[in-house]
Protein chains: 2
Amino acid sequence: MTAESLSKERLRLWLRMLRVTRQVESELRERLRTEHDSTLPRFDVMAALYAAEEGLKMNELSKRLRVSNGNVTGIIDRLVEDGAVERIAIEGDRRATRVCLTSAGRESFRAMAVEHERWINALFEGVTEEDAHHIGELLHRLPAAPHDASLS
Amino acid sequence: MTAESLSKERLRLWLRMLRVTRQVESELRERLRTEHDSTLPRFDVMAALYAAEEGLKMNELSKRLRVSNGNVTGIIDRLVEDGAVERIAIEGDRRATRVCLTSAGRESFRAMAVEHERWINALFEGVTEEDAHHIGELLHRLPAAPHDASLS
DNA sequence: TATAAACTTTTTAAGCTTAAAGTATTTTCC
DNA sequence: GGAAAATACTTTAAGCTTAAAAAGTTTATA
């Protein structure tokens, strides 16, 4: 195979991945909106906080989700308004704040997470366990393989 | 395998796809910005217009890119400002407009497209032609497989 | 031919996203 | 101790994104 055709094949693969990912994101966004009055970014933030027993600092959240600092500030602002999250001062460092789910936030997340997994399972109906495993392996060879295992 | 573990495996696959896709998008966005003073949405729109000899109506563009009408309006507004695109009245239907790349727009897109393919090829360096082909096939089983071949 | 329905696009309001600049605080190190 | 650098976060400006509403135009139909 020529380098030419390899390059084209990789480009095709990328476009296909992009299309599938956008479609799934769009479905998730729609359902979070209509069924939970929420959004995908909010869900992502809440998932990260749910997994962290003691909450996270803003910059940890930002690193973990790979989004900008300012972006996290805005999303947290809104989650605080909604009563799902609280900012807690950190002893001995007045620059930073720790962010935690409130118990209402935890409850709300649990409800979304159960459905989220159901939605994904349905959307990926055509994918067998073997397929999933196989694609997963191949994805490791793609960019952004988790250099930091804690982020994957 | 239990339905339980299949569901978990699919969820893991989704999260991995999402991570890879976001990483690649982030790289592309960064390079379009620094090297071409452009953005990914602009690139997508220009790609669609480049492929359409006679340009496209706004709603065709919107359908093809799977983004909202209002979104397309804004992107086209900015491309028109930049002189990359022009709106052309359609004979016999004063509701619609046809949108075309200007020759400056075509030239600018060509330059970006060449590099874009190079970037993807480098980012997907670890993927052989076989892999690419294989994942591509599997992706057909995922949601949003092109029901309309003209959109893939 | 009216007028209702459908279509095409833009506008609006709200939120997400980034990079860059700004503010405050802590750490480094001379 | 004090200046400089690093760190943590927020603000700002610009653009992307959506859903819903609005405005104008065309088509269907009664």
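Reminder, nothing fancy here: chain letters follow the sequence lines and each chain counts from 1.
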Compare the minimum distances between each of [options] and the side chain of [X], then state the nucleotide with the smallest one.
| X | options | answer |
| --- | --- | --- |
| B:I75 | D:dT17, C:dT18, D:dT26 | D:dT17 |
| B:K57 | C:dT8, C:dC16, D:dT18 | C:dT8 |
| B:M58 | D:dT17, C:dT18, C:dT10 | C:dT10 |
| B:A96 | C:dT8, C:dC16, C:dT25 | C:dT8 |
| A:T73 | D:dA8, D:dA19, D:dT10 | D:dT10 |
| B:R78 | D:dA19, D:dC16, C:dT9 | D:dC16 |
| A:T39 | D:dT18, C:dT9, C:dG15 | C:dG15 |
| A:R94 | C:dT25, C:dT18, D:dT18 | C:dT25 |

[X] side chain near [N] phosphate (N/O to OP1/OP2, under 4.0 Å):
| X | N | answer |
| --- | --- | --- |
| A:N71 | C:dT18 | yes |
| A:R66 | C:dT18 | no |
| B:N59 | C:dT9 | yes |

Pairwise 5' ranking along DNA chain C for A:R42 and A:R95, keeping only the more 5' one = A:R42
task = Might you work through the side-chain contact (heavy atoms from CB on, under 4.5 Å) test for B:I120 and B:V24, ending with a clear yes or no?
result = CA-CA 8 Å; B:I120 294 295; B:V24 172; 4.2 Å; yes
key: Exam field: side chain B:T34 to backbone B:E30, donor-acceptor pair closer than 3.5 Å   = yes
Nearest-Å distance, [atom1] ([X]) to [atom2] ([N])?
| X | N | atom1 | atom2 | result |
| --- | --- | --- | --- | --- |
| A:L32 | D:dT17 | CG | P | 19 Å |
| A:L40 | D:dC16 | CG | P | 20 Å |
| B:E60 | C:dT8 | CD | C1' | 11 Å |
| A:R31 | D:dT18 | CZ | C1' | 17 Å |
| B:I76 | C:dT9 | CD1 | C1' | 12 Å |

ask   = Would you call A:E125 and B:R10 a salt bridge, taking side-chain N to carboxylate O under 4.0 Å as the test?
value =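 Salt bridge flag = no for B:R10 with A:E125.
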inquiry  = Regarding A:R12 and A:E9, does a basic nitrogen lie under 4.0 Å from an acidic carboxylate oxygen?
reply    = yes
ask   = Do the side chains of A:H116 and A:M112 get nearer than 4.5 Å, heavy atoms only?
value = no
Could you tell me whether [X] contacts a base, only the sugar-phosphate backbone, or nothing, with contacts defined as non-hydrogen atoms closer than 4.0 Å?
| X | answer |
| --- | --- |
| B:E25 | nothing |
| A:V67 | sugar-phosphate |
| B:R87 | sugar-phosphate |
| A:E30 | sugar-phosphate |
| A:R29 | nothing |
| B:T97 | sugar-phosphate |

inquiry  = Within this structure, what is the NZ-OG1 distance for the pair B:K8 and B:T2, rounded to the nearest 0.5 Å?
reply    = 10.0 Å
